[in-house]
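In this text the structure is predicted, and so the values were computed from the model without any measurement. Atoms considered below: every heavy atom in the structure, side chains included; atoms not considered: hydrogens, waters and symmetry mates.
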Amino acid sequence: MAPDIATPDTPAPGATVGVPEKPSIDGLEEKWVERWSAEDTYGFDRAAALTGPREQIWSIDTPPPTASGSLHVGHVFSYTHTDFVARYQRMRGKHVFYPMGWDDNGLPTERRVQNYYGVRCDPSLPYDPSFEPPATPDKNQLPISRRNFVELCMQLTEEDEAEFEKLWRRVGLSVDWSNVYRTISESSRATAQRMFLQNLARGEAYAQEAPTLWDVTFRTAVAQAELEDRERPGAYHRISFSGPDGPVFIETTRPELLPACVALVAHPDDERYRPLFGKTVRTPLFDVEVPVVAHRLAEPDKGSGIAMICTFGDLNDVTWWRELQLPTRAIVGWDGRILADPPPGVPAQPYDELAGKTVFSAQQRIVELLKESGDLDGEPKPITHPVKFFEKGERPLEIVTTRQWYIRNGGRDADLRDALVARGKEIQWVPEHMRHRYDNWVEGLNGDWLISRQRFFGVPFPVWYRLDDAGEPIHDEPILAPEASLPVDPSSDVPPGFDESQRGEPGGFIADPDVMDTWATSSLSPQVASGWDTDPELFAAVFPMDQRPQAHDIIRTWLFSTVVRAHFEHGTVPWTHATISGFVVDPDRKKMSKSKGNATTPIDVLERYGTDAVRWRAAGARPGADSPFDEAQMKVGRRLAMKILNVGKFVLGLGAENVDLASAADRITEPIDRGLLAALAKVVDEATAAMEAFNYTRALEVAETFFWSFCDDYVELVKSRAYRSDSGAESAQATLALALSVQLRLFAPVLPFVTEEVWSWWQSGSVHRALWPAATELPTGGDPAVVAVTAEALAGVRKAKSDAKVSMRADVETATVIAPEAQVAALEAARSDLTDAGRIADLSVLAGEGPLTVQVVLAPVPDA
RNA sequence: GGGCGCGUAGCUCAGCGGGAGAGCUCUCGCCUUACAAGCGAGCGGUCGCAGGUUCGAUCCCUGCCGCGCCCA
């Protein structure tokens, strides 16, 4: 019978491969990774899933890692967290749709290709079909065409992906490796372009010439989501403008923008400047006349309370420019240098002293000029202030006016914003409080989502522009790629009705030069993974997906953008649950990252402690909580894994191996045995409830607590009975078999390797395809107190031996247990197990006041 | 400055209205025929501080202090 996820293998005794003499953790990963692959243990049964009810599917929108990046222990933890859920859901009998993707768009890959091959992209070069990268990269990067560059990106990422896949398999992720996507594949690019065209057709995407935050190093536009504020040193320069009734002093950190000044602004309630509103002043050095205006965003207690508005020094300038309808006087170019020509109305002198300079040197020169002219009042006052940076950049952002594509995200539209906030409420957040990150972000947006990037390796906009007779692009009438032709690369493909010779010629056409932001493509991971564009049947079955696992730092980017896209295209949320994992932090509580140099390489740790041990440690990090990396903890996980192997071997050797699990319950007669299973039933219920709430930490904890007392107390108590061959032995053996079966399954999601190993010794099929345990598998009516109280009495005997510093094997002449009346019967019920385990010759059990106590008289030690 | 989370044993963390807990570390023992990569026993905390609610507060409320993350 082919394994069917809906009816997992039932335990079948006799299918044993035998219990090894000396079980070992070493080599388990290799063995089981290979076996799971060969047997397709984690395959998604598409046919069965499509015919079954939606509730029988669990679909996961796995984060696609950047394969050209590097993985550290933090990644291993968070992907493992997802795997816990996937394995649990699979054992619940669901068809688990668990693909893996690789997100190789954008900057990280471009940089890696540049360094790895020693090349750089020059889009003006023609494609060279015979190009081979240099054998050893030269310091001087070899310029190559965009298409050659992209080919190298594809080639290198493929190698990187293979490495990543190997690691993920080693980590034990139960991914369906036949279902892998790349965000740069033909079909992903087609999906992204088709979706973009849909957004465009519905008016959800648009192009606009607008002030844009711009990174001069990378020469690309930057979206709000990619910004970060950094505290930077600066200085207030107090500069005098000439007003109608004498000088007006402003304080600015960017005096070099003086030629870009279009107005002065103060708060409408500011008495000091009220008389100036509506009048004009003249700029120093350039003598340009600018109005004095009032606006609520001007801060009276900042500097002198009146500020100059420039094109554009910061985002406030943009707001003032827009709301007060001021002219533009742009002076900073895309390269971060002062433009060659002054803006209209600004005199060439002394502007040409600044032309071509970086903003830094321009500032130095302006300050000199202001000093010479006497318009600088005093020395600049050093301050530190927040400056906007691209999160990956090293130079402050400039604001330049460029033509860019945008997708609406509610930043300029209250109705859309409300709709997206409402979508957030449809998502179940784990942990719950992470939803605030989403709400805060959406409610704080102040513009639409800028998706154009001036990069090479990414999904191009499927758009061309006609050129007029003067060779200028006609932006108002973009030529869209026909749907059937997707994906297209407009820089090498030709729009319908044109031929290649017309590219760049007057009356011909030109390609949109940009590619999509990485989030604009990765925001479609649910659609790509679920086959929106390629497999509508599958898509209908698995979308909206059940789970989006991700880290909390990209709620504003990846999570939000995915919600936006699904909202527009499908009118739904993309998934019903967002499981947010925390970070692994170093001992100083700093987030682990390669750039900080505090990252731990996963493979070393996996080899040192074994995968199960590392997974065990990952399970100790609760959903959403940051967790310090601590190798000492790994040892504990390794010990647990070892213990499972050993106790498995022992229990099976006691006779549990030959127990028929289906009828085992009937043979369990001893009260302590029934009590054990009653306690286990409670553990199963608790662990199940915890897993349902995505609390794998709690589920593991209850299973583990039970397991250690099972090993240390219960097994010790019953082992001598189990060695016999009577009905008492049968009862113990049946109990051991049931308890082992249930516990292996409880541990299976966290410790897939050792549980599978032990399972294979006596069961057929994979434990990972077995059903998650249910309390109903276990006999009812047992009293857990029998085990607990008997174990307590045994502990008392052990303490006496420990205090006397004798071996646990030492004989006890008499032991007197005084216990509350209610516990006496429980102790009597387990009397022979207790006397055997404690090696007690004469046991008295008496009812008494207070908690249980044990008085022990050790047997005299015979002389050796 | 705003939002969110967190301050409990040396470390990592549970508990969240009536007994202060686990694992690791540490100490002392034990070669016990599953496991010495083991087992047993033990030491260790005025639950951040100050108020309040309550018969009763680690737990609820308020305010501080400290740490972290996100956003301005």
Once you apply the 3.5 Å cut-off to both distances, tell me the Watson-Crick or G-U wobble partner of G21(B), or none.
-> C13(B)
Could you tell me whether the side chain of S24(A) and the main chain of D26(A) form a donor-acceptor pair under 3.5 Å?
-> yes
Counting any heavy atom closer than 4.0 Å, what does D439(A) reach on the DNA or RNA strands: base, sugar-phosphate only, or nothing?
-> nothing
Check whether any side-chain N or O of Y723(A) sits under 4.0 Å from OP1 or OP2 of A34(B), and answer yes or no.
-> yes
Does K719(A) have a side-chain nitrogen or oxygen under 4.0 Å from the phosphate oxygens OP1 or OP2 of U32(B)?
-> no
Does a side chain donor of either E757(A) or W32(A) reach within less than 3.5 Å of an acceptor in the other side chain?
-> yes
Counting only heavy atoms not in E30(A), do more than 12 sit closer than 6.0 Å to its CD atom?
-> no
In Watson-Crick or G-U wobble terms, with both distances under 3.5 Å, the base opposite U53(B) is none
Assign the ring pair Y714(A) / F710(A) to parallel, tilted or perpendicular, where the plane angle (0 to 90°) is split at 30° and 60°.
-> parallel
Could you tell me whether D673(A) and R721(A) make a salt bridge, using a distance below 4.0 angstrom between a side-chain N and a carboxylate O?
-> yes
Protein-nucleic acid N or O pairs under 3.5 Å, nucleotides 1-7 of chain B:
unit_1: G3(B); atom_1: O2'; unit_2: N440(A); atom_2: OD1; d: 2.8
unit_1: C4(B); atom_1: O2'; unit_2: H433(A); atom_2: ND1; d: 3.3

With C1' as the reference atom in both, quote the distance from G52(B) to G40(B) in angstrom, rounded to an integer.
-> 48 Å
Does a donor on one side chain and an acceptor on the other come within less than 3.5 Å for R745(A) and Q743(A)?
-> no
Applying a 3.5 Å limit to both distances, which nucleotide forms a Watson-Crick or G-U wobble pair with G45(B)?
-> none
How far does the P atom of C39(B) sit from the matching atom of A34(B), given to the nearest Å?
-> 13 Å
Quote, to the nearest angstrom, the C1' distance that separates C13(B) from C49(B).
-> 22 Å
Calculate the interatomic distance between D803(A) atom CG and A41(B) atom P; express it in whole Å.
-> 10 Å
Would you kindly compare N646(A) and K805(A) by the position of their nearest RNA chain B nucleotide and give the one closer to the 5′ end?
-> K805(A)
Presence of donor-acceptor pair under 3.5 Å, side chain of E704(A) and base of A22(B) = no
Has the side chain of R798(A) got a donor or acceptor that lies under 3.5 Å from a partner of the other kind on the base of A41(B)?
-> no
Paired nucleotide for U33(B) [Watson-Crick or G-U wobble; both distances under 3.5 Å] = none
For C67(B), the nucleotide meeting Watson-Crick or G-U wobble distances (both under 3.5 Å) is G5(B)
Note: for G796(A) and V806(A) on RNA chain B, the residue whose nearest nucleotide lies more 5' is V806(A)
Does any donor atom in the side chain of H295(A) or E323(A) lie under 3.5 Å from an acceptor atom in the other side chain?
-> yes
